[in-house]
Structures are given as structure tokens and as C-alpha cells.
Amino acid sequence: MIMDGNGRWARRRGWPRSKGHRRGSRTVRTVVRSAPELGIGVLTLYAFSSDNWGRPRGEVDGLMTLLERYLRDELGRCVDNGVRVNVVGRRDRLEAGLLEAVQAAEERTAACRRLHLRLAVDYSSRELLTRAARLFSLRERGGQRYFSSCLNRVMHSDPAAPAVDLLIRTSGEKRLSDFLLWECAYAELVFTETLWPDFGAAQLRQAVEEFRSRRRRFGLVEASPAGKRRAS
Ligand code: FPP
């Protein structure tokens, strides 16, 4: 899920962008609560791209604080609700406090099975694909399945996640922005004009319903209803 539009949501109200990110954080809580009820087993949220490091220092710090707060505040609720937390992306540039919160959340929720929540932080598909390719080349033979396992390994995806079925992007933008490029090979794309802070359970349900109404062919001739596969 590409959570876009926090800045615009705030600016339209004459508020600082940081307020939009805080409201966006609230939407994250709503979406995580609603996802399992809609049959979603794996949910990946694009929280901070590697390119986002180029934003003003204050905004970057604010986002990192929100992430750490989310991981610390929601930990108990995640355990109670069977949400397995996993942060995917690079870890070597995260500050010690955030890294500690990431490790604590992953350890405490490791046995949770209702929802696999992946937060993409310092994430760049192209960079991870390059790293995975390096790992892949160390072995003489290996196909797509092995490449996927290399990719999951370099991005710290634990457990490994399946290919993406449904990708949602908010705020009217229609791009992939270096997100899950390999995993989205056959993803159904749903774009909504709603800004992320205004997104909620009803919009998520609507996107899943749209996904279920699509005919997925995976390059074949026979059409199969999308809903027969699990949304992720
Ligand atoms: C893009 O919108 C959004 C982000 C770069 C950050 C997403 C972060 C959150 C929703 C809050 C923290 C996350 C978690 C998981 C607790 P934008 O700000 O670029 O919007 P704009 O296009 O309107 O400027």
C-alpha cells in the first residue's frame, strides 16, 4: 500500500506537513485493524522510501519519531490481535532507538499469525534487487524462486512474503515509486483520489471489492475471478 497525500491533506487546512503525517499514522492503525477482517493476510505499508532521506531534516526526524512511536505504542495491541510485525528495507541507516523498537516488535510478535504486517522503511526496490542479484550470483544455479528468496533475505522479510495480489495507492498519484517492483509483476493496481489521512476501513473494503471483481489471467487465456486468490 502506498500511503500518499499526508502533506497535501495538511496544507489544504493551512497546517504543517507534520500534522498530515500524524493523521496518516492514525490511518495506519485503522487499516491494520480492518485488514484481517477483509481476508488480507499480508499487508505491506510504504512508510519511508530511501529517496525520502532527501526531504527536509525536520520532516525526516518527524517521520522516524512517528515510526518508533507506532512500534512502541502498538506492540501490545499487535500481540493481542495476532499481528506479526516486520520492518523491510535497509537497516544500517536507522537510528539506534528505532532499530531497538523494530527488533523488539519483531521478536514479541514472531508467533502471531493473523496478519503479517510489513512496514517498508528505508526501502528502495531497485537497491534491494541489486543486492539480491549479487547474492543470487554466488550460486551457480537457481531460478525465480531462489531469486525471490534472495530478495526476501536482503530486505529482512521474515517470513518471506508471497507475490503482491493488490497494490493500492492513495491521493490520485499513479506510480509505483520504486515499491515492490519484483513482487508486483501480476499485482492488480487500485488508485484512489482519497488522501491517506482520509482513507479508512470503508475505502479499504471498496478497494478489496474492486480487486475481487477483476479477472486475473496471469498471461493465460482462461479468466479466473481475482477473489479466488488471497488479497495481500
Ligand atoms: C507520502 O505522503 C507519505 C509518506 C512519505 C510517509 C508515510 C508515513 C505515515 C503514513 C506515517 C507514519 C507511518 C507509520 C507506519 C506509523 P506525502 O507526505 O509525500 O504527501 P504529499 O504527496 O501530499 O506531499
Side-chain angles (χ1 to χ4, degrees), residues 1-4 40-55 57 59-61 63-64 67-68 70-71 83-113 115-169 173-189 216 218-219 229-232:
M1 194 151 208
I2 304 183
M3 312 182 284
D4 210 5
I40 295 171
V42 183
L43 176 67
T44 309
L45 301 178
Y46 204 2
F48 191 87
S49 78
S50 297
D51 288 327
N52 288 156
W53 289 116
R55 291 190 178 204
R57 182 66 200 257
E59 182 164 344
V60 169
D61 289 348
L63 284 166
M64 292 297 154
L67 280 165
E68 189 173 332
Y70 177 83
L71 290 167
V83 178
R84 181 170 187 171
V85 180
N86 178 205
V87 171
V88 296
R90 276 180 71 162
R91 294 192 175 188
D92 56 309
R93 296 189 287 197
L94 304 184
E95 283 195 5
L98 176 56
L99 200 54
E100 212 177 273
V102 168
Q103 282 158 353
E106 289 182 338
E107 275 167 36
R108 286 268 317 275
T109 62
C112 296
R113 292 290 177 269
L115 174 69
H116 178 194
L117 171 65
R118 301 197 310 168
L119 301 177
V121 178
D122 196 357
Y123 181 95
S124 158
S125 245
R126 285 190 296 193
E127 185 177 338
L128 291 164
L129 285 165
T130 311
R131 286 174 179 231
R134 254 181 246 133
L135 193 61
F136 181 77
S137 67
L138 297 177
R139 201 159 100 170
E140 250 174 47
R141 289 203 309 194
Q144 290 188 17
R145 192 190 289 255
Y146 178 59
F147 185 80
S148 283
S149 77
C150 294
L151 185 56
N152 277 300
R153 208 158 111 200
V154 297
M155 75 198 280
H156 304 281
S157 184
D158 183 22
V164 173
D165 288 319
L166 165 64
L167 178 115
I168 304 169
R169 182 167 191 156
E173 306 291 350
K174 297 179 180 70
R175 290 185 292 278
L176 290 180
S177 299
D178 204 11
F179 186 52
L180 300 172
L181 299 181
W182 168 270
E183 296 89 335
C184 279
Y186 278 102
E188 294 294 325
L189 310 180
R216 303 184 82 192
F218 299 96
R229 287 170 65 94
R230 227 170 161 203
S232 76

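Scope of the values below: all heavy atoms of this structure, side chains included, with no hydrogens, waters or symmetry mates. Source: prediction; values computed, not measured.
Nearest heavy-atom pair across Ser50 and Glu127 is OG-OE1, 4.5 Å. In terms of heavy atoms, Ala132 sits closest to Cys150 at O-CB, 3.8 Å. Closest of all the heavy-atom pairs between Pro159 and Asn86 is O-OD1, 4.5 Å. Between Thr109 and Val85 the shortest heavy-atom distance is OG1-N, 2.9 Å. For the residue pair Ile2 and Leu176, the shortest heavy atom distance occurs at CD1-O, 3.6 Å. Closest approach of His116 and Ser157 over heavy atoms only: CE1-OG, 4.3 Å.
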Run the side chain to side chain contact (heavy atoms under 4.5 Å, CB included) check on Leu117 and Leu45 step by step: do they pass?
CA-CA 8 Å; Leu117 171 65; Leu45 301 178; 4.0 Å; yes
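Distance check: Arg108 CZ to Gln103 CD gives 15.0 Å after rounding to the nearest 0.5 Å. Atom-to-atom distance recorded for Asp122:CG and Arg93:CZ is 4.0 Å, nearest 0.5 angstrom. Here the straight-line distance linking atom CG of Leu189 with atom SG of Cys184 works out to 7.0 Å at 0.5 Å rounding. The distance from atom CG of Asn152 to atom CZ of Phe147, rounded to the nearest 0.5 Å, is 10.5 Å. Distance check: Glu68 CD to Leu99 CG gives 10.0 Å after rounding to the nearest 0.5 Å. How far CD of Glu106 is from CZ of Arg84: 8.5 Å, rounded to the nearest 0.5 Å.
More than 12 heavy atoms of other residues, nucleotides or ligands lie within 6.0 Å of CZ in Arg113, so this atom counts as buried by the packing criterion. More than 12 heavy atoms of other residues, nucleotides or ligands shown are found within 6.0 angstrom of CZ on Arg175. Within a 6.0 Å sphere centred on CD of Glu95, heavy atoms belonging to other residues, nucleotides or ligands number 12 at most. Counting non-hydrogen atoms of other residues, nucleotides and ligands closer than 6.0 Å to CZ of Arg91 gives a total above 12.
Proximity of Val87 to His156: side-chain heavy atoms (C-beta onward) are nowhere separated by under 4.5 Å. The shortest side-chain heavy-atom distance between Arg169 and Ser177 falls under the 4.5 Å cut-off. Side-chain contact between Arg118 and Met155 is present, with at least one heavy-atom pair separated by less than 4.5 Å. Side-chain contact between Tyr46 and Asp178: present, with at least one pair of heavy atoms (C-beta onward) separated by less than 4.5 Å. You'll find the side chain of Leu98 reaches within 4.5 Å of the side chain of Leu71, heavy atoms only. The side-chain heavy atoms of Thr44 and Val164, taken from C-beta on, include no pair separated by under 4.5 Å. Using a 4.5 Å cut-off on side-chain heavy atoms (C-beta onward), Val88 and Leu128 make no contact.
Applying ring-ring contact (aromatic ring centres under 6.0 Å, His included) to Tyr123 and the options Trp53, Phe179, Phe48 leaves one that passes, Phe179.
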